[in-house]
Structures are given as structure tokens and as C-alpha cells.
Amino acid sequence: MKQIFLSVLAVSAFLSSHTLRAQQKKNFVSLGFNYYDSNTKPTEGGRYPEKVSSSGFSIAPAYGYYLNEHWALGIQLSYSSSKQGISQYKTNFWTISPFVRYEQSIWNKLSVYADGSLGVTFGSIDAHSDWPNNVYYPKTKETNYGLNITPGLLFHITPAFSVTMNLGSMFSANRTTTDVGDTKNNYTQVGLFKNFGINNIQFGVNFHF
């Protein structure tokens, strides 16, 4: 009797989990957001005479379509801005990136996912130094083509709503062009976990329909 009861519970849990997934809508829109603010205190004999602060935020709306239970296609538009260091290093960037998502349920309403995106980023960098002299640097325009793989967690609150969390891209490959006045430079970067960490943590809210 005990074995029958446990078997019924296991089947019920399995069916409940898959019923939720079956009720998921084909389309979803999402809004991701990030904010960070950090300060580094000066040390005796250190490079700078005062604390160095860094802050930034990003906002990223997206649309996606589920091909089946595991795979989805979508496109994301994002804007990010940051201010770093005593030199007043400011950035403003826009990104548009089509993506492919793989999603796998691991426990009831909780899933893991991985987004593979191929996008273009463009924007500008302004910088001036208050210390040791007040120096303004030429504005840098930057264009970047990049491939990123970003893993994360997704929790289905209801069939219509879910929330996500990730720590940035685990793998990235980028081709960047910088334009400063009449000078152009190109460089390529490929690496693991370079944009992965607490400063890149992004939360998202999804609406399924």
C-alpha cells in the first residue's frame, strides 16, 4: 500500500510539473534590469588620494517565441550606462541582439536556461581626469559585434508570469572597432567569465501570452 501511495505521489508531481509547462504560452515579452554601485576606499601610499566609485545600470526589453518546450527564439534591445573611477569614465551603449534560448525544467516551477546571442553594440565613451590635472580626452565612438552565451535561472510563478536571474555572459567573443577623431582601431577578445559576476547580475520579469 505504501509503495502504491508513493507511486501515485510521484506520478502526480510529474503530471503537475508537465501540466504547468503545457499551459505555458508560445510568446513572451520580458524586461531585464541591472544596477550596481561600488566604492573602493583609498589606502595609504595608494595610487589615488580619494575613494574610487563605480556605478552603472542597464535595461533590456525582449520578445521571444517558444518553438517547443525547450527551445525559443527572440530578440532583445538594451541600453546601458556606467560611470567609473576618479577619471570620470562614462559610457552609453545600445545593443540589439537576436538570441536562441534553451530551457530545461529542474524542479517543479524552476528551470535553468542558456541564451546564445549574436548582437551589435554601439555607443560612446567620454572621459576626463580630475586628478592630478583636469584633462579632457577626445570622445571615443565604439561598435562591437559579439557572440555571448549567458546561463541563468527561471522561475514560473504562474503560466502567465515568470522571473529570471543571471550573472552575465559565461562565454563571449567580440570584435570591436573604436573611433577617436581620425584614428580607428580594431581588436578581438575571446574569453570565459570576463563579463560574469555580481556587478553584471540581471533580474528579469516575463509575461507569457
Side-chain angles (χ1 to χ4, degrees), residues 13-14 16-18 20-38 54-82 91 93-123 144-176 188-209:
F14 177 82
S16 175
S17 173
H18 281 259
L20 175 68
R21 298 296 298 151
Q23 291 173 345
Q24 292 297 312
K25 310 300 184 182
K26 289 290 186 180
N27 302 276
F28 69 90
V29 291
S30 67
L31 181 64
F33 52 90
N34 161 275
Y35 176 79
Y36 71 89
D37 190 355
S38 62
S54 298
S55 62
F57 77 93
S58 66
I59 185 168
Y63 166 77
Y65 177 80
Y66 279 100
L67 301 174
N68 53 45
E69 182 180 348
H70 298 293
W71 292 96
L73 298 176
I75 188 167
Q76 182 182 72
L77 175 67
S78 67
Y79 170 76
S80 64
S81 177
S82 68
T91 68
F93 286 102
W94 290 90
T95 301
I96 183 168
S97 53
F99 65 87
V100 178
R101 171 171 295 182
Y102 178 78
E103 183 181 333
Q104 176 62 55
S105 176
I106 57 174
W107 178 76
N108 200 3
K109 298 181 181 181
L110 182 65
S111 299
V112 293
Y113 72 90
D115 285 347
S117 62
L118 183 62
V120 57
T121 299
F122 53 92
N144 174 279
Y145 297 91
L147 169 66
N148 294 278
I149 298 177
T150 305
L153 295 174
L154 187 150
F155 184 78
H156 294 276
I157 299 174
T158 70
F161 289 96
S162 64
V163 293
T164 60
M165 187 276 291
N166 69 69
L167 293 173
S169 60
M170 181 180 66
F171 170 82
S172 60
N174 300 281
R175 176 67 173 175
T176 303
T188 301
Q189 290 182 317
V190 179
L192 293 171
F193 302 106
K194 287 190 174 182
N195 300 309
F196 188 86
I198 193 66
N199 278 354
N200 294 311
I201 188 170
Q202 185 177 82
F203 297 96
V205 179
N206 307 312
F207 173 66
H208 303 260
F209 61 98

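Ring planes of F193 and F196: perpendicular class, angle over 60° (limits at 30 and 60°). Using cut-offs of 30° and 60° for the angle between ring planes, the H208 and Y66 rings count as parallel.
Scanning all heavy atoms of the two residues, the minimum distance from S169 to T150 falls at CA-OG1, 3.5 Å. Considering all non-hydrogen atoms of both residues, R101 and D115 come closest at NE-OD1, 2.7 Å. Residues S172 and N148 come closest through the heavy atom pair CB-OD1, 3.1 Å. In terms of heavy atoms, H156 sits closest to L154 at NE2-CD2, 3.1 Å. Nearest heavy-atom pair across F33 and L31 is CD2-O, 3.9 Å. Considering every non-hydrogen atom in both S117 and F99, the closest pair reads CB-CB, 3.9 Å.
Using a 4.5 Å heavy-atom cutoff, the side chains of W94 and L77 are in contact. For the pair L153 and V112, the minimum side-chain heavy-atom distance is below 4.5 Å. In this structure, the side chains of N200 and Q202 stay at 4.5 Å or more apart for every pair of heavy atoms.
Atoms OG and CD1, from S78 and I59 in turn, are 10.0 Å apart once rounded to the nearest 0.5 Å. Considering CG of L167 and CD1 of I198, their distance stands at 6.0 Å, rounded to 0.5 Å. With rounding to the nearest 0.5 angstrom, the CE atom of M170 is 7.0 Å from the CG atom of L192. Expressed to the nearest 0.5 Å, how far OH of Y113 lies from CH2 of W71 amounts to 15.0 Å.
Legend: residues meeting side-chain contact (heavy atoms from CB on, under 4.5 Å) with L118, ordered by chain and number and at least two apart, are L147. For T164, there are no side-chain hydrogen bond (donor to acceptor under 3.5 Å, both in side chains) partners, not counting sequence neighbours. Evaluation of the side-chain hydrogen bond (donor to acceptor under 3.5 Å, both in side chains) rule for S55 yields no partner, not counting sequence neighbours. With sequence neighbours excluded, the residues that form a side-chain contact (heavy atoms from CB on, under 4.5 Å) with S82 are Y36, Q84, T91. For Y102, the side-chain hydrogen bond (donor to acceptor under 3.5 Å, both in side chains) partners at least two apart in sequence or on another chain are Q104. Remark: Y65 engages no residue in a side-chain hydrogen bond (donor to acceptor under 3.5 Å, both in side chains) (not counting sequence neighbours).
Between the N166 side chain and the P151 main chain, no donor and acceptor come within less than 3.5 Å of each other.
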Residues N27, Y63; criterion side-chain contact (heavy atoms from CB on, under 4.5 Å); working and verdict: CA-CA 8 Å; N27 302 276; Y63 166 77; 2.5 Å; yes
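Within a 6.0 Å sphere centred on CZ of F93, other residues, nucleotides and ligands contribute more than 12 heavy atoms.
In this structure, F161 has its ring center closer than 6.0 angstrom to the ring center of F207.
A donor and an acceptor atom, one from each side chain of T95 and T121, are located under 3.5 Å apart.
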